[in-house]
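Keep in mind the model is a prediction, meaning the values are calculated, not measured. Note that the numbering runs from 1 along the sequence shown for the chain.
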Amino acid sequence: MPAMDRSDIAPGPVRALFPAREIRTSVEDRLTRVLADAQARVAKGSVVPTLDIERFRAELAHFDFRSARPLEEMLDWTVAQLEHGLVHLTHPRYFGLFNPAPSFPSQCADRVAASFNPQLATWTTSPAAVEIEAHVIGAMTRRAGLPEGARGHFTSGGSEANFSALLCALTMADGRFADDGARAFGAPVVFYSSAESHLAWLKIAHQAGIGRSAVRLVATDGCGRMSAAALRQALQEDRARGRIPVMIVATAGTTNAGMIDPLAECAAIAEQAGVWYHVDAAWGGAVLASERCGTVLRGLERADSITVDAHKWFATTMGCGMFLIRNAAALDKTFQVSTTYMPSNRASLDPYVSTFQWSRRFLGLRLFLSLGAAGWPGYAAHVERAIDLTDQLKYELAARGWRIANDSVLAVLCVEPPEGCCEIATLVARVLASGRAWVGVANFEGRKVIRICVTHGEAGVADVHELVDVLEASKSPAP
């Protein structure tokens with residue numbers, strides 16, 4: 001049989017999917033320039049979308065996929081639509097949710113991972129990738145103060161990591177749960193989280209088959225932190241009613257206000273109650289990098305499991321969470337499965353038998369390259385800079401009569417305008433309409449506030465001043 005050249009392998013239109021090397025290089029180089037130019041315009045333009053939606057939909061409808069188009073044309077069109085059709089998380093005056101602009105090393109990691117496209121289900125198929133991820137997880141568990149032998153893995157985000165925690169808690173509470181589900185307990189199970197926690201817990205309880213009513217949202221102390229007294233009372237009441245507590249969740253960085261629950265006190269209550277103790281540090285976990293600020297997470301080291309999102313304050317590209325666990329055997333008991341078509345089945349090595357996912361992208365490379373390029377000192381400076389900018393913003397707004405509603409050490413600021421100003425929703429709508437900055441409306445301890453979070457690693461003093469100016473300009477009463 002004659003040997004085939006590459007043109008025989010990918011003839012005609014199929015060649016567009018697998019172009020020759022010189023074409024790929026040309027397209028990639030051009031795309032790098034196009035993206036850099038677009039990002040430069042984004043930084044000087046509107047934070048909010050400026051898309052003509054009707055024009056966009058009409059153009060989008062023309063892509064019927066009946067015929068091929070040049071890739072360069074498709075890329076140019078897509079970049080142009082995204083430049084005008086997004087709230088720009090990469091804008092230095094995006095003071096919004098926990099979605100920082102991604103670090104450059106993590107963007108490089110996405111290109112490398114996409115090129116090799118490893119499958120991280122087993123060590124056998126991707127030993128280098130699996131080992132790199134395990135190395136980063138080991139560094140994180142040590143930084144968190146977990147004991148030798150602690151393990152974990154990368155996840156698609158905080159929700160998957162938190163779901164993993166609940167599944168481990170249920171499995172360790174009663175080993176029959178793995179086979180019989182909620183029926184194993186013979187009574188309703190419950191777990192506890194702050195009323196200010198991320199309400200993904202409701203969806204997680206639904207997914208786990210124990211129902212949303214299993215989530216006990218514990219009252220706060222009036223300052224946005226879970227009340228230890230209310231937690232003890234909830235545990236006592238539930239046991240008196242025949243319910244079975246399985247987990248206590250403390251939050252290190254609430255979404256609305258960046259508050260940290262009393263981690264050490266929650267740990268003591270969980271130990272006394274004999275239940276799993278999980279800390280959702282999706283945002284706040286990054287302060288582990290800072291010697292100056294890391295003490296605010298005292299008690300984290302007593303957790304059975306921890307969630308940290310690398311795509312939040314560690315500033316990797318989106319879809320990069322971490323699940324850290326004290327007792328590695330709990331992972332194996334929870335996720336073990338055996339099948340003949342996988343090349344291996346080793347709980348300590350193969351991610352598919354110790355994680356929720358099966359096929360998975362090489363997520364950990366994003367944090368590996370970022371940590372390698374900056375080190376813990378670089379990340380410490382990144383975190384501390386955001387905290388210092390938030391403190392400056394707090395000072396400037398307070399000096400102008402704005403009320404500071406929360407007391408967070410995690411670069412989240414909740415404020416209320418001076419008396420006599422317009423409604424908060426109106427004020428925020430004016431800020432967004434200006435395109436000069438992005439802030440949000442949140443509820444904190446029963447009242448509406450303006451939520452501001454310094455997320456961009458290149459935001460500076462000038463951006464803080466710009467935000468103060470636009471807030472001041474937007475506060476006048478409605479006519």
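Side-chain contact between Ile387 and Val409 is absent, with no heavy atoms from C-beta onward closer than 4.5 Å. Side-chain contact between Val412 and Thr390: absent, with no pair of heavy atoms (C-beta onward) separated by less than 4.5 Å. At least one side-chain heavy atom of Cys168 sits under 4.5 Å from a side-chain heavy atom of Phe335. When side chains are defined from C-beta on, Ile260 counts as touching Leu410, because their heavy atoms get closer than 4.5 Å. Inter-residue side-chain proximity for Phe314 and Leu288 is flagged as unmet; no heavy-atom pair is nearer than 4.5 Å. Between Met259 and Glu445 the shortest side-chain heavy-atom distance does not fall below 4.5 Å. Counting heavy atoms from C-beta outward, Thr155 and Met322 have side chains that stay 4.5 Å or more apart. Contact annotation: the side chain of Phe323 never approaches that of Thr355 to less than 4.5 Å [non-hydrogen atoms, C-beta and beyond].
Crowding of Phe368 atom CZ: a count of heavy atoms from other residues, nucleotides or ligands under 6.0 Å not exceeding 12. Summarising the local packing, CD of Gln207 is surrounded by more than 12 heavy atoms from other residues, nucleotides or ligands at distances under 6.0 Å. Heavy atoms from other residues, nucleotides or ligands lying under 6.0 Å from NZ of Lys394 number more than 12.
Of the candidates Asn162, Thr251, Asp280, Thr307 forms a side chain to side chain donor-acceptor pair (under 3.5 Å) with just one, namely Asn162. Among the candidates Val337, Thr122, Leu331, the single residue satisfying the side-chain contact (heavy atoms from CB on, under 4.5 Å) test with Val353 is Val337. Looking at Tyr94, Trp313, Phe95, Trp283 one by one, the single match for side-chain contact (heavy atoms from CB on, under 4.5 Å) with Cys453 turns out to be Trp283. Considering Gln119, Glu133, His153 as possible partners of Arg360, the one that fulfils the side chain to side chain donor-acceptor pair (under 3.5 Å) test is Glu133.
Nearest heavy atoms, Asp309 versus Gly157: OD1-C, 3.4 Å.
Salt-bridge annotation for Asp52 and Arg57: absent, with no side-chain N of the basic residue lying under 4.0 Å from a carboxylate O of the acidic one. In summary, Arg24 and Asp29 do not engage in a salt bridge, as defined by a charged side-chain N under 4.0 Å from a carboxylate O.
Remark: Arg143 is positioned above the aromatic ring of Trp376, its terminal NZ or CZ atom under 6.0 angstrom from the ring centre and at most 45 degrees off the axis.
Aromatic rings of Trp77 and Phe63 (six-membered ring for Trp) have centroids within the 6.0 Å cut-off, being under it.
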Practice problem: Start with the C-alpha distance between Asp463 and Arg436, add both sets of side-chain angles, then the distance that settles salt bridge (Lys or Arg N to Asp or Glu O under 4.0 Å), and finish with yes or no. | Solution: CA-CA 10 Å; Asp463 297 302; Arg436 294 164 62 190; over 6 Å; no
